[in-house]
There are 2 protein chains.
Amino acid sequence: MPKKNPNKNNSVTLKEVAAELGVSAMTVSRAVNNSPNVDSKTKKRILEKAKKMGYTPNLVAKSLVSSKTYTVGVVIPEISHSFFPDVVRGIEEVVDSKAYQILLTNTSDNFEKEKKVIEALKAKRVDGMLISSSLMTDNFSYYKELIKSGMPIVFFDRCIENIGASCIKVNDQAASQQITEHLINLGYKKIGYLSGPKKVSIGKARFDGFNIAMIKNGLPVDDKLIIENGYNEKGGYDAMKKLLKLPAKDRPRAVVAVNDPVAFGAMDAIKDANLRIPEDIAIVGFTNDIRANLVTPPLTTVNQPAYELGKKAASKLIDTIQEKGDLVENVELITNLVVRESCGSLLYK
Amino acid sequence: MPKKNPNKNNSVTLKEVAAELGVSAMTVSRAVNNSPNVDSKTKKRILEKAKKMGYTPNLVAKSLVSSKTYTVGVVIPEISHSFFPDVVRGIEEVVDSKAYQILLTNTSDNFEKEKKVIEALKAKRVDGMLISSSLMTDNFSYYKELIKSGMPIVFFDRCIENIGASCIKVNDQAASQQITEHLINLGYKKIGYLSGPKKVSIGKARFDGFNIAMIKNGLPVDDKLIIENGYNEKGGYDAMKKLLKLPAKDRPRAVVAVNDPVAFGAMDAIKDANLRIPEDIAIVGFTNDIRANLVTPPLTTVNQPAYELGKKAASKLIDTIQEKGDLVENVELITNLVVRESCGSLLYK
DNA sequence: ATTCAAAATGTTAACGCTAACATTTTGAAT
DNA sequence: ATTCAAAATGTTAGCGTTAACATTTTGAAT
């Protein structure tokens, strides 16, 4: 068992390779970094010796010199469902191709934790951050300062717009309006809305879209039919339960959910109440979660290109880090309505 | 627009705070690190000034001194499906509670990329690594050297056992045997197997379990009914297609898939061939993917506690890093058979 | 007032690397 | 053989921090 000082790693340094060969550390540095002006024989000797000694460059030291870590922070509100993993896959792919890596952090939709992890990422001197924020709309100062400090930031999906950072997202409001109008066109009039917290960007945008659709079509927006809760299955289940407690005649005939997990939870609540989807209550979601076409009945939803969103956000961040192109940009990726069975229809009956 | 040198970050240093206050950098260091022997008034002055100046400690420099990064590398073969995101959630939770963060890397099940990312993680001087390896069973030397170098490693799910690193996984072989015997007990005799590459630990273990079950029950293992392919939906689809090309009388009456995604792909292939599950071909999986109870028919599978597996692996790694407890340990988490409808039954017909 | 240990603060060097500059070596042209 | 620019190699200092040791200040006990 090789003894070792617990606080010191025992890895080989440039200097040790240099000493072994009787050259200077600088020459070794040049050799391992493919710098010019190194004799090819010297280089060969050095690389061989370095390999034999198990030399691995110390990027911590290198970062201290260069002020670059080739690491980007990724801040997401949850890891498990299908949307964020797909986004992360897109991010990873782009970032890896540019020789960066990602420090992944999860905020559990908690702004205090969000601030905490961002401070940690700052301390670790990431070259930039990709953030899907759980931030309240009334507290931008934190991010304004972060951006002012020069940290490259790209928001994605849950954006804070127009405070100096780029934003990659989908046309939440328009898509939400579109799917609501789809229900309206199918003949539904009494439509409820299962919202996430409206202080989150997507919460507000999607709710606005719902409202616009209703108003534009002369339908009443009934506050009793709008329930705000979390962005996950449990949030949807509990919200729907509340709607179902209303007297039958007051209940919505159709429901728009802020995202698919909420819709799934709501569907469970509807089934638990022994009601049928869509015959008793129709429902639509937003995300096109991996489960959307598997639930019973399959969920009508808005397809959000998660993987592409991740790729685009990562490209934009790396461009920002490398100061290429227009620095600040708001990008809206295209969504499309995916009509399945959960929305049913009131026509031709 | 604040001008800045692209290669220098403009963050405030200890020394700058010190100069501003006319004290030494060391005193500032002590103040911000809560070291003893700092006058409480001095400390207060320093902390206030540091805050006002926007000081954030530079962990890169700190790491260079301490040889600790409070970062662990996580190496997984894919990001998108339900199993690994759940594992990562477990990892993140534990690691965060100990003030570590994770550098997440994706190998796409490619051993060359696996080596590449591990080299990058070494260069970044992570304090340890959590690895789910796509490694060939005949090439342990790479990992043996990595472990010998003193890098704390914990394998999870796809382990390389008994080469000096801990391993957290489920009882793959026994569980695979159990689910195969479940099929046998339901009356199936002609059973096929959709395998992942057997050079991956779980590939071999699960296949062994299948074989043991067959042999123990006096059933023939027919090589033509065993197809090896990838661990994902497409792998399962293509593998099943091959089985379906057999003359009807040679086809398996039931199929064991190495994991749920492979089972999902196979189910699509079966449906595309206009056959019924389980009436024409029964099928079982392994994982208890989030989709397993949603597909039609719901998939009989082995529940693998992904989140707990992630938590356990992370705890073990941090214990190893901090040199607590027995260093090397093989842990098998408990699985349970989840019987749904895809396995059907040949009994009482 | 003096003493002196404890508390507070300061100085130096080192972590591993590379930019910037300095020196030595090489080898083609005379 | 000498010259001298180009190529190869070396030296120094600094990135931001802290461990280890050095010095100064404090204040209770005399």
Side-chain angles (χ1 to χ4, degrees), chain A residues 4-47 49-50 53-70 122-127, chain B residues 4-47 49-50 53-70 122-127:
Chain A
K4 63 171 183 156
N5 180 330
N7 281 332
K8 292 290 154 199
N9 64 47
N10 43 11
S11 49
V12 180
T13 67
L14 275 187
K15 213 184 286 182
E16 287 166 10
V17 177
E20 197 80 8
L21 251 37
V23 298
S24 74
M26 200 58 225
T27 301
V28 179
S29 170
R30 282 189 267 251
V32 300
N33 287 291
N34 273 310
S35 301
N37 298 337
V38 182
D39 188 87
S40 60
K41 277 164 206 155
T42 311
K43 187 164 171 179
K44 191 163 170 250
R45 269 170 65 220
I46 290 175
L47 293 182
K49 180 64 84 176
M53 293 177 73
Y55 172 74
T56 308
N58 185 329
L59 255 48
V60 174
K62 208 164 173 167
S63 293
L64 185 57
V65 174
S66 66
S67 296
K68 283 185 285 188
T69 55
Y70 285 94
K122 269 167 68 177
K124 289 191 178 173
R125 295 297 189 266
V126 293
D127 293 341
Chain B
K4 63 173 180 152
N5 181 327
N7 280 331
K8 293 286 155 200
N9 63 48
N10 44 10
S11 48
V12 180
T13 68
L14 275 187
K15 215 183 285 184
E16 288 166 10
V17 177
E20 197 80 7
L21 250 36
V23 298
S24 74
M26 200 58 225
T27 301
V28 179
S29 171
R30 282 189 269 250
V32 299
N33 288 291
N34 272 311
S35 302
N37 298 337
V38 183
D39 187 85
S40 60
K41 279 164 204 154
T42 311
K43 187 166 171 178
K44 191 163 167 253
R45 271 171 62 221
I46 290 174
L47 293 183
K49 178 65 82 176
M53 294 176 72
Y55 172 74
T56 308
N58 185 328
L59 255 48
V60 174
K62 207 165 174 167
S63 293
L64 184 59
V65 174
S66 66
S67 296
K68 282 186 286 189
T69 55
Y70 285 94
K122 269 167 69 177
K124 289 191 178 173
R125 295 298 190 265
V126 294
D127 293 341

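Owing to the predicted nature of the structure, the values given are computational and were not obtained by experimental measurement. Below, chains carry the letters A, B, ... as their sequence lines are ordered, and counting in each starts from 1. Side-chain atoms are counted along with the backbone in the values below, which use heavy atoms only and exclude waters and symmetry mates.
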Revision key, fill the gap. Interatomic distance, CD@A/Glu20 vs CE@A/Met53, rounded to 0.5 Å, equals 4.5 Å
**Study point:** From OG1 (A/Thr56) to CZ (B/Arg125), nearest 0.5 Å
**Key:** 6.0 Å
Which nucleotide, if any, forms a Watson-Crick or G-U wobble pair with [N], using both distances under 3.5 Å?
{"N": "D/dA1", "result": "C/dT30"}
{"N": "D/dG14", "result": "C/dC17"}
{"N": "D/dT9", "result": "C/dA22"}

Candidates [options] - which lies nearest the side chain of [X]:
{"X": "A/Thr42", "options": "C/dC17, D/dT9, C/dA8", "answer": "D/dT9"}
{"X": "B/Val65", "options": "D/dA8, D/dG16, C/dG16", "answer": "D/dG16"}
{"X": "A/Thr13", "options": "C/dT9, D/dT17, C/dG16", "answer": "C/dG16"}
{"X": "A/Lys62", "options": "C/dC17, D/dA8, D/dT17", "answer": "C/dC17"}

Quick one, [X] and [Y] - any side-chain contact, counting heavy atoms below 4.5 Å?
{"X": "B/Lys62", "Y": "B/Asn33", "result": "yes"}
{"X": "B/Lys124", "Y": "A/Thr69", "result": "no"}
{"X": "A/Leu21", "Y": "A/Ile46", "result": "yes"}
{"X": "A/Val17", "Y": "A/Val32", "result": "no"}

Nearest whole angstrom, please: distance from the [atom2] of [N] to the [atom1] of [X].
{"X": "B/Leu64", "N": "C/dA14", "atom1": "CG", "atom2": "C1'", "result": "9 Å"}
{"X": "A/Arg45", "N": "D/dA8", "atom1": "CZ", "atom2": "P", "result": "14 Å"}
{"X": "A/Asn34", "N": "C/dT18", "atom1": "CG", "atom2": "P", "result": "12 Å"}
{"X": "B/Glu16", "N": "D/dG16", "atom1": "CD", "atom2": "C1'", "result": "10 Å"}
{"X": "A/Lys41", "N": "C/dT25", "atom1": "NZ", "atom2": "P", "result": "17 Å"}
{"X": "B/Leu14", "N": "C/dC15", "atom1": "CG", "atom2": "P", "result": "19 Å"}
{"X": "A/Lys15", "N": "C/dC17", "atom1": "NZ", "atom2": "C1'", "result": "10 Å"}
{"X": "A/Asn33", "N": "C/dT18", "atom1": "CG", "atom2": "C1'", "result": "9 Å"}

With a non-hydrogen cut-off below 4.0 angstrom, is [X] in contact with a base, only sugar-phosphate, or nothing?
{"X": "B/Asn37", "answer": "base"}
{"X": "B/Pro57", "answer": "sugar-phosphate"}
{"X": "B/Ser63", "answer": "nothing"}

Revision key, fill the gap. Heavy-atom closest pair (A/Ser63 atom, A/Lys68 atom, distance to 0.1 Å) is OG-O, 2.8 Å
Review point. Phosphate oxygens OP1/OP2 of D/dT17: is one of them under 4.0 Å from a side-chain N or O of B/Ser29?
Key: no
Contact list (N/O, under 3.5 angstrom) for nucleotides 10-12 of chain D vs protein:
{"unit_1": "D/dG10", "atom_1": "OP2", "unit_2": "A/Ser24", "atom_2": "N", "d": "2.7"}
{"unit_1": "D/dG10", "atom_1": "OP2", "unit_2": "A/Ser24", "atom_2": "OG", "d": "3.0"}
{"unit_1": "D/dG10", "atom_1": "OP2", "unit_2": "A/Thr27", "atom_2": "OG1", "d": "2.8"}
{"unit_1": "D/dG10", "atom_1": "N7", "unit_2": "A/Arg30", "atom_2": "NH2", "d": "2.7"}
{"unit_1": "D/dG10", "atom_1": "O6", "unit_2": "A/Arg30", "atom_2": "NH1", "d": "3.4"}
{"unit_1": "D/dG10", "atom_1": "O6", "unit_2": "A/Arg30", "atom_2": "NH2", "d": "3.3"}

Point to revise | Name of the residue among B/Lys43, B/Arg45, B/Lys44 meeting side chain to side chain contact (heavy atoms under 4.5 Å, CB included) with B/Leu47 | key: B/Lys43
